[in-house]
Number of protein chains: 2
Amino acid sequence: MINENELKEGLIEHLKGMIELSGSDAELIISKLEIKYLKKKEYLLQPGEISKHMRFISQGAMRVYYLDEKSQEHTLQLGIENWWINDLYSYLSLKPSKMYIQALEETIVIQISSGSLDKLFREVKEMPNFFRLKMQSAYVALQERTIENLSMDSYEKYSKFISQYRNIEQRFPQYIIASYLGMAPEFLSYLRKKHASRLK
Amino acid sequence: MINENELKEGLIEHLKGMIELSGSDAELIISKLEIKYLKKKEYLLQPGEISKHMRFISQGAMRVYYLDEKSQEHTLQLGIENWWINDLYSYLSLKPSKMYIQALEETIVIQISSGSLDKLFREVKEMPNFFRLKMQSAYVALQERTIENLSMDSYEKYSKFISQYRNIEQRFPQYIIASYLGMAPEFLSYLRKKHASRLK
DNA sequence: TTGCTTTCTTAAGATATCTTAATTTTTTTT
DNA sequence: AAAAAAAATTAAGATATCTTAAGAAAGCAA
């Protein structure tokens, strides 16, 4: 069986990669963490629900996606171990989400409820800094994605994607990668073939 | 002539729309503000430079854009009075920007150097909160743009754009709007004609 | 006001990407 | 291992969007 304390310790290590935490800070944080187990294809959040937790992938792989009016899936976020995953829109605005957050493998998530997190913001000095920094890098990453959207064609985007997500990319089915990149899966398949030799 | 104190007061009001500031907070902040005047087409930042200020448009209109390898312009951000405008990537990472930040009208910008802002973060209690909240809404807005990129066709994007930027949109030349939306200006022109009657 | 410069429009042909549908391959379940 | 389900490939025809080039309109400067 899995040792939950070890998992929680993993999140503490993750925090320590960015901010300083005392032993008592760590204990305080650990006391607020909840662990959730998800089977493949299970949902952590579905449209209509309000996202009330910050969520950290401890093991496994997930994605955030939504369905447009034509019921097409569009993937907004992919994530694996040690990535945060959420619909921040819903979390921050307290409005119902339009997103699905789904496990793509057997997955373990560590969550903090927004109430607990607010307390931690007050009680653990460096906690706001952690989320400020996270938020900043998330913003920069999203801006990068916007830039790619504006200036790259489909193959360039794909090519950048696989070089950026080295190895990780194999954990996601191709049709999900296509939906992340904003192209039809058949077209991605066509591109892969066309450029087959050139792929690094 | 323009009364600079009034302009600075405008920024204080803007801050007060989101956080609480005492009289002495306001004075402290005001003491760090610099005012910059830009003529139409003038640049506030150019590629290769590091963005060392947080920038607030006091009057006028600006855009952030970059050139791709084919020297095509892509507009990442548009802004008018009371909007913050910057290349956060460069500002946060201290790396050289790839962006142009350009005035599209006679423009007045209020700046705070990153050094001064860091001080304010320590000296004005609510200051970090302001930027945390700003950052959050910027992130959510960018996520919204990503969603549109994934699921809307060009006309839908344009249509959403003009309803979102009511009236403001007339202050930006159409080819810039096209470059913001990620389409060729000729195609935008074609779409406008095609849907001419339906435009609200 | 005239002339110059910038922006916008039009149209034709080229290209990228999508849609549909059938087939094959891979993965999962029994 | 066989059967069922999910994912990937292929190919043809359809559509969206781009490119180029030229002319018209609008804005700005002399």
Side-chain angles (χ1 to χ4, degrees), chain A residues 38-42 60-61 63 65 67-75 78 100 102-107 148-162 169-197 199, chain B residues 39-42 60-61 63 65 68-75 78 100 102-107 148-162 169-197 199:
Chain A
L38 296 153
K39 300 212 189 91
K40 195 169 175 170
K41 305 228 163 167
E42 227 179 311
R63 67 161 168 161
Y65 73 95
L67 299 180
D68 67 18
E69 326 73 47
K70 293 160 203 146
S71 298
Q72 295 254 189
E73 290 180 4
H74 300 281
T75 299
L78 296 173
Y100 296 86
Q102 185 188 39
L104 298 176
E105 304 172 354
E106 207 66 13
T107 294
E148 289 167 19
N149 271 324
L150 289 175
S151 47
M152 291 180 168
D153 68 22
S154 293
Y155 183 68
E156 287 171 318
K157 283 187 224 169
Y158 173 65
S159 176
K160 178 124 194 229
F161 178 89
I162 53 170
E169 138 251 349
Q170 295 139 240
R171 290 168 67 178
F172 301 101
Q174 224 168 265
Y175 77 93
I176 287 181
I177 293 175
S179 87
Y180 177 87
L181 295 173
M183 67 189 81
E186 299 84 355
F187 187 57
L188 177 51
S189 186
Y190 159 82
L191 289 175
R192 278 161 54 84
K193 186 183 185 192
K194 182 170 155 198
H195 296 252
S197 43
L199 275 186
Chain B
K39 300 213 188 90
K40 195 168 174 172
K41 307 227 162 169
E42 226 179 313
R63 68 160 166 160
Y65 72 95
D68 67 18
E69 327 72 48
K70 294 160 203 147
S71 299
Q72 296 254 189
E73 290 181 3
H74 300 281
T75 299
L78 296 173
Y100 295 86
Q102 184 188 41
L104 298 175
E105 305 172 354
E106 215 47 27
T107 294
E148 289 166 21
N149 271 324
L150 289 176
S151 47
M152 292 181 168
D153 68 21
S154 293
Y155 183 69
E156 289 172 317
K157 283 187 224 169
Y158 174 64
S159 178
K160 177 125 195 229
F161 178 89
I162 53 171
E169 138 249 352
Q170 294 139 241
R171 288 167 69 179
F172 301 101
Q174 226 168 263
Y175 76 92
I176 287 181
I177 293 176
S179 86
Y180 178 86
L181 295 173
M183 66 188 81
E186 298 85 355
F187 187 57
L188 177 51
S189 187
Y190 159 81
L191 289 175
R192 277 161 55 84
K193 186 184 183 191
K194 181 170 156 198
H195 296 251
S197 42
L199 275 187

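Just so you know, these numbers come straight off a predicted model, no measurement behind them. The chains referred to below are lettered A, B, ... by the order of the sequence lines, with proteins before strands, and numbering in each begins at 1. These values consider heavy atoms only, across backbone and side chains, with no hydrogens, waters or symmetry-generated copies.
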When the distance from CD of A:Glu186 to P of C:dT19 is rounded to whole Å, what number comes out? 8 Å

As its Watson-Crick or G-U partner within any shown strand, both distances under 3.5 Å, D:dG27 has C:dC4

For atom NZ of B:Lys39 and atom C1' of D:dC28, their distance in whole Å: 15 Å

Gap between atoms CZ and C1', on A:Arg192 and D:dT10 respectively (whole Å): 14 Å

Given atom CD of B:Gln170 and atom C1' of C:dT7, what is their separation to the nearest angstrom? 16 Å

Per atom distances to the A:Lys193 side chain, the nearest of D:dA8, D:dA11, D:dT20 is D:dA11

Closest approach to the side chain of A:Ala184, judged atom by atom: which nucleotide of C:dC18, D:dT19, D:dT10 is it? C:dC18

Value in whole Å for how far the C1' atom of D:dA16 lies from CE of B:Met152: 17 Å

Gap between atoms CD and C1', on B:Gln102 and C:dT6 respectively (whole Å): 13 Å

Considering every strand and a 4.0 Å limit on heavy-atom distances, what is the contact class for A:Tyr175: base, sugar-phosphate, or nothing? sugar-phosphate

Quick check on DNA chain D: between A:Lys41 and B:Phe187, whose nearest nucleotide comes earlier from the 5' end? A:Lys41

Report yes if a side-chain nitrogen or oxygen of A:Lys40 is closer than 4.0 Å to either non-bridging phosphate oxygen (OP1 or OP2) of C:dT27; otherwise report no. no

Could you please name the option among C:dA21, D:dT19, D:dA7 that lies closest to any side-chain atom of A:Pro173? D:dA7

Thinking salt bridges, do A:Glu73 and A:Arg63 make one under a 4.0 Å N-O criterion? yes

Cationic N near anionic O, under 4.0 Å, B:Glu106 to B:Lys39: no

Does A:Ser154 have a side-chain nitrogen or oxygen under 4.0 Å from the phosphate oxygens OP1 or OP2 of C:dT17? yes

Output the distance between atom CZ (A:Phe172) and atom OG (A:Ser179), rounded to the nearest 0.5 Å. 11.0 Å

Kindly point out which of D:dA8, C:dC18, D:dT19 is positioned nearest to the side chain of A:Met183? C:dC18

Exceeds 12 heavy-atom contacts within 6.0 angstrom, atom CZ of A:Phe161: yes

Has B:Gln174 got a side-chain N or O lying under 4.0 Å from the OP1 or OP2 atom of C:dT9? yes

Check each of B:His195, B:Glu169, B:Arg192 against B:Tyr158 using the side chain to side chain donor-acceptor pair (under 3.5 Å) test, and report the only one that passes. B:Arg192

